[in-house]
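Note that the numbering runs from 1 along the sequence shown for the chain. Start at 1 and go down the list; that is how both ligands and their atoms are numbered.
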Amino acid sequence: MYDMKIVINGRKRLSGNVKISGAKNAALPELAAAILSSDEFEFCGVPEVEDIKVMFEALKNIGAEGEFINNKIKIKIPSLKSGLVPKDIIETSRASILILGPLIARNGYAKVSLPGGCPIGDRKIDFHLEGLKRMGAKINIEDGYIIAKSDKLCGIEYTFPNKSVTGTENLLMAATLAQGETFLGNCALEPEISDLINLLSNMGADIKHEENNSLIIKGKTTLNGAKHKVIPDRIEMGTYIIAGCFLDNEIIVENTIPEYIKSLLNVLENIGVGIVIEKNRIKVNPTGNISPIDVGTKPYPGFPTDLQAQLTTLLTQANGISRIKENIFNRRFRHIDELNKLGANIEVKGNTAIIKGKTELRGGIIKSTDLRASAALLLGGLIADGETVVENSYQLFRGYENMPEKLSQLGANIKLIKR
Ligand code: EPU
């Protein structure tokens, strides 16, 4: 699994339709939400990617029964046979932190491995732990595990010091079974969180979205199961839309919700790429003359950090100097040395990448450093002249469903090599 590489012969014209899969970052907390009830859940549109498989295994380890076939997960946790989420199951993913809130809420005990995931910065979890402690959980960190105990969680008032996606999801899930009312202020409200709120509401949770990004949750003693369709993945959408901006490609991205990626569409409009939106399809009309731009990553609805690396590859083709400021994570520029190996001219100063375009990229041997960086490097390989080998590409499969196959169907010359 870990030893794989992708080989691309670049500069092939891509054309045709590509269908976007369900959102990994919606499906992850939604699967964790199944812990909150002993009833059955049916999820459809679940992407068959490594992070989801890891989450499914972790849930089985604590007592889940079910199956994951053809993008559908049926899952039921009639009783919890263990509060343990071991390191060896979860170490590549951040899913364990999402299990913590619901598990302590239903079981009163959780021992979950400290989260792994992409090496993109100091991914702190202090807001998660502080919120759960205020709800009444006793929490210790021992030997790489978070050990949490509680007789009964209680409602709290907590305002996040900064917006956190999984922090909001975790405390929101815990609050649905806590005694009394919880007020959560300064919540992240990414589309994945709205989708989680829809699921929890269908499970019988009482959640109100107030002004100023606050949520008010009235705790229930039990919640029921639900059927749920996962929303399409806005980062996968953005990645294929960016692929459509190169050369004389003609890509139509299907199963999209354009509203989710307005920030990217605005950037593309400003740099001169034509976009045609038809309900849930987006057609990209590339231009040979891309203008440079300055962009900063922000929580939703701002420009997503998860598209920063892919936009960087695109801006290597702009005529002039672009700057991307990464405001969310402090080490999310590891793709840049790799893009420079292909001939890009990018310099990092503090948290800003300065991209000097336009540069002709040529093939080379480069290495994936994290999930979204992998996608940015594939995009680099697609426009580079000659052969590009992307090593360590298992990272890609943590979050992109069938990306080599999807690109190949669009006309790319791309091969996955498993050793
Ligand atoms: N933060 C804290 N304390 C906390 C939590 C977060 O200081 O307790 C800081 C982080 O260090 C970071 C910022 O707040 O600087 C935002 O982090 P956030 O908690 O929002 O990130 P996350 O929940 O760990 C999710 C996605 C990421 C995505 C970020 C930002 C999931 C499973 N992961 O991570 O997705 O980049 O939100 O939108 O939803 C990816 O899919 O490639 C990915 C990395």
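- Checked by atom type, the side-chain pair His228/Asp195 shows a donor-acceptor distance below 3.5 Å.
- From Leu342, atom CG reaches atom CG of Asp337 across 11.5 Å, with rounding to the nearest 0.5 Å.
- Residue-level proximity to ligand 1 for Arg332 is carried by the side chain, the only part with a heavy atom below 4.0 angstrom.
- For ligand 1, the polar-atom distance check against Val165 finds a nitrogen or oxygen pair separated by under 3.5 Å.
- Residue contact annotation: Gln308 has no non-hydrogen atom under 4.0 Å from ligand 1.
- For NZ of Lys19, the number of neighbouring non-hydrogen atoms (other residues, nucleotides, ligands) closer than 6.0 Å is 12 at most.
- Using a 4.0 Å heavy-atom cutoff, Asn162 is absent from the residues neighbouring ligand 1.
- Between Arg332 and Asp306 there is a salt bridge, with a side-chain nitrogen of the basic residue lying less than 4.0 Å from a carboxylate oxygen of the acidic one.
- Only the side chain of Thr305 comes within contact range of ligand 1, with a heavy atom under 4.0 Å; no backbone atom does.
- Across the listed options Asp233, Ile193, Thr166, Thr166 owns the non-hydrogen atom lying nearest to atom 22 (P) of ligand 1.
- Of the N and O atoms on the side chains of Glu326 and Thr305, at least one donor lies less than 3.5 Å from an acceptor on the other residue.
- For ligand 1 and Asp126, the ligand atoms under 4.0 Å from any heavy atom of the residue are 2 (C), 3 (N), 4 (C), 7 (O), 8 (O).
- Residue Arg372 touches ligand 1 through its side chain alone, judged by heavy-atom distances below 4.0 Å.
- By the 3.5 Å distance cut-off applied to N or O atoms, Lys24 is counted among the residues near ligand 1.
- Atom NZ of Lys367 has 12 or fewer neighbouring heavy atoms from other residues, nucleotides or ligands inside a 6.0 Å radius.
- Backbone and side-chain nitrogen or oxygen atoms of Phe127 are examined, and one is located within less than 3.5 angstrom of a nitrogen or oxygen of ligand 1.
- In this view, Glu157 and Phe183 satisfy the side chain to side chain contact (heavy atoms under 4.5 Å, CB included) rule, not counting sequence neighbours.
- Residue pairs satisfying the side-chain hydrogen bond (donor to acceptor under 3.5 Å, both in side chains) criterion with at least one member in residues 62-72, sequence neighbours excluded, are listed as follows: Asn71-Glu401.
- For ligand 1, the polar-atom distance check finds an N/O of Asn25 within less than 3.5 Å of one of the ligand's N/O atoms.
- Taking 4.0 Å as the cut-off between side-chain N and carboxylate O, Lys24 and Glu48 do not count as a salt-bridged pair.
- Here is the list of ligand 1 atoms found below 4.0 Å of a heavy atom in His128: 8 (O).
- Using a 4.0 Å cut-off between heavy atoms, Asp306 contacts ligand 1 through its side chain alone, with no backbone atom that close.
- Considering both main-chain and side-chain atoms, Ile328 comes within under 3.5 Å of ligand 1 through a nitrogen or oxygen pair.
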